[in-house]
There are 2 protein chains.
Amino acid sequence: METYQESAKVFKALCDPKRLAILKQLRSGEKCACVLLEPMDLTQSGLSYHMKILCDSGLVEGRQEGKWIHYRLSEAGRNKAVKLLLALTTPDIVSQNNCSSCDK
Amino acid sequence: METYQESAKVFKALCDPKRLAILKQLRSGEKCACVLLEPMDLTQSGLSYHMKILCDSGLVEGRQEGKWIHYRLSEAGRNKAVKLLLALTTPDIVSQNNCSSCDK
DNA sequence: TGTTCATATCAATATTTTTTGATTTGAGGT
DNA sequence: ACCTCAAATCAAAAAATATTGATATGAACA
């Protein structure tokens, strides 16, 4: 099983407003970094910082073509994230064990 | 539509290792705060801080009974989080618009 | 009312994350 | 080899988040 630090990585990607704005741009199709940068209130190095976090999370994939890098949403990353979210937040029916004060 | 700050709230709850450890405890059933505290490397006020974040995210619900508060996973919160995750990371087929340099 | 116990809140500090500007790397083109 | 441009990396500063200890709140009960 992955460590909590490892699990947290995917969700960390999703808890910054600027990264959510980047994801929104990618929902409409593949975009290269310079295009993603335009509408954002970010410097080039700031965008690079956020793209690294998004790619490390698996939610976004980058594809190099010459000097440009094209980013797009990853279906595999999305599916993995949903599975992880469910794994972390769904009761485990085989290990039910309310604390004594919770059993009225 | 919710703001990015609002959306980020759910995922912020999931990107701290201590909060993931708390969720793990809740997967096995309802627990009161003092029981949740025991195995954690946290002070009472630290636990209270994290429980507030988890409850505000909607993933956890608290139920007061006398002086105790019993916490449990929220099915509604989980469903909402999954929907939000999909909404943020699924391509929007009606607005496809690759950047010109992405169309080879 | 006064006491106890569980939890919340507050203010200060510590830690982590993000931003910035400068520099570096690396792919093309001349 | 040199130049240009896109992107990554680095170190320092700024901003946000987490932790701590002290104090406050609020429920139960004598």
Side-chain angles (χ1 to χ4, degrees), chain A residues 3-23 25-26 30-57 60-72 98-102 104, chain B residues 3-23 25-26 30-57 60-72 98-102 104:
Chain A
T3 68
Y4 290 137
Q5 286 292 356
E6 210 32 46
S7 302
K9 211 190 251 185
V10 187
F11 302 110
K12 198 158 285 180
L14 292 163
C15 57
D16 178 87
K18 296 198 172 167
R19 290 194 287 272
L20 293 183
I22 292 166
L23 287 176
Q25 289 194 72
L26 294 178
E30 195 177 55
K31 301 277 184 301
C32 66
C34 49
V35 167
L36 287 172
L37 184 58
E38 260 172 42
M40 304 282 308
D41 179 23
L42 268 181
T43 60
Q44 179 270 319
S45 84
L47 179 72
S48 178
Y49 167 79
H50 287 298
M51 294 320 292
K52 183 163 170 40
I53 291 174
L54 285 167
C55 289
D56 286 352
S57 78
V60 171
E61 285 171 341
R63 162 175 81 81
Q64 180 147 12
E65 196 175 305
K67 332 187 229 195
W68 288 276
I69 300 188
H70 304 269
Y71 294 100
R72 60 195 141 79
N98 291 352
C99 76
S100 49
S101 63
C102 288
K104 59 188 158 305
Chain B
T3 68
Y4 289 138
Q5 285 292 358
E6 210 33 44
S7 302
K9 209 191 257 185
V10 188
F11 301 110
K12 197 158 286 178
L14 291 163
C15 56
D16 178 87
K18 295 197 173 168
R19 288 192 289 271
L20 293 184
I22 291 166
L23 288 176
Q25 289 195 72
L26 294 178
E30 196 177 54
K31 300 276 184 300
C32 64
C34 50
V35 167
L36 287 171
L37 184 58
E38 260 173 41
M40 306 280 309
D41 180 22
L42 268 181
T43 61
Q44 178 271 321
S45 85
L47 179 72
S48 177
Y49 168 78
H50 287 298
M51 294 321 292
K52 183 164 170 39
I53 291 174
L54 285 167
C55 289
D56 286 353
S57 79
V60 170
E61 286 171 340
R63 162 176 83 79
Q64 180 149 14
E65 197 176 303
K67 334 187 229 196
W68 287 275
I69 299 188
H70 303 270
Y71 295 100
R72 62 195 142 76
N98 292 352
C99 76
S100 50
S101 63
C102 288
K104 60 192 161 302

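Below, chain A is the first sequence line, B the second, and so on; all start at residue 1. Computed from heavy atoms alone, side chains included, the values below leave out hydrogens, waters and symmetry copies.
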How long is the line joining CG of A/L47 and P of D/dC5, in whole Å?
19 Å
Restricting to side-chain contact (heavy atoms from CB on, under 4.5 Å), what partner residues turn up for B/P39, sequence neighbours left out?
B/Q25
A/K31 NZ to D/dA7 C1', straight-line distance once rounded to whole Å
19 Å
To the nearest angstrom, how far is A/Y49 atom OH from D/dA15 atom P?
15 Å
Scan residues 10-19 of chain A against DNA chain D and write down, sorted by residue number, each residue with any heavy atom closer than 4.0 Å; if none is found, say none.
none
Residues in salt bridge (Lys or Arg N to Asp or Glu O under 4.0 Å) with A/E30, at least two apart?
A/R63, A/R72
Atom CG of A/D41 and atom C1' of D/dA15 are separated, to the nearest Å, by 14 Å
Separation of D/dA7 atom C1' from A/H50 atom NE2, nearest Å, is 15 Å
For the CG atom of A/D16 and the NE2 atom of A/H50, what is their distance to the nearest 0.5 Å?
5.0 Å
CG-CZ distance between A/L20 and B/F11, expressed to the nearest 0.5 angstrom
7.5 Å
Please identify each residue that fulfils salt bridge (Lys or Arg N to Asp or Glu O under 4.0 Å) with B/K9, with sequence neighbours left out.
B/E6
Name all residues meeting the side chain to side chain donor-acceptor pair (under 3.5 Å) criterion together with B/H70; count only those two or more places apart in sequence or in a different chain, and write none if there are none.
none
Tell me every residue that passes side-chain contact (heavy atoms from CB on, under 4.5 Å) with B/L37, counting only those two or more places apart in sequence or in another chain.
B/L42, B/Q44, B/L47
Between CZ of A/R63 and C1' of D/dA7 the distance, given in whole Å, is 16 Å
Between which nucleotides of DNA chain C, read 5' to 3', does contact with chain A run, using atoms under 4.0 Å from its heavy atoms?
C/dT17 to C/dG28
Residues 37-49 of chain A vs salt bridge (Lys or Arg N to Asp or Glu O under 4.0 Å), sequence neighbours excluded, gives none
Taken in chain and number order and not counting sequence neighbours, the residues that satisfy salt bridge (Lys or Arg N to Asp or Glu O under 4.0 Å) with B/K67 are none
Which is true for A/L37 with a 4.0 Å heavy-atom rule: it touches a base, it touches only sugar-phosphate, or it touches nothing?
nothing
Between D/dT17 atom C1' and B/K52 atom NZ, what is the distance in whole Å?
15 Å
Any chance you could list the contact pattern along nucleotides 22-29 of chain D? Use B for base contacts, S for sugar-phosphate-only contacts and - for none, protein heavy atoms under 4.0 Å, 5' to 3'.
B----SS-
Mind checking salt bridge (Lys or Arg N to Asp or Glu O under 4.0 Å) for A/K18 and listing every partner two or more places apart, or none if nothing turns up?
none
Results of side chain to side chain donor-acceptor pair (under 3.5 Å) for A/K31 - residues two or more places apart only
A/S28
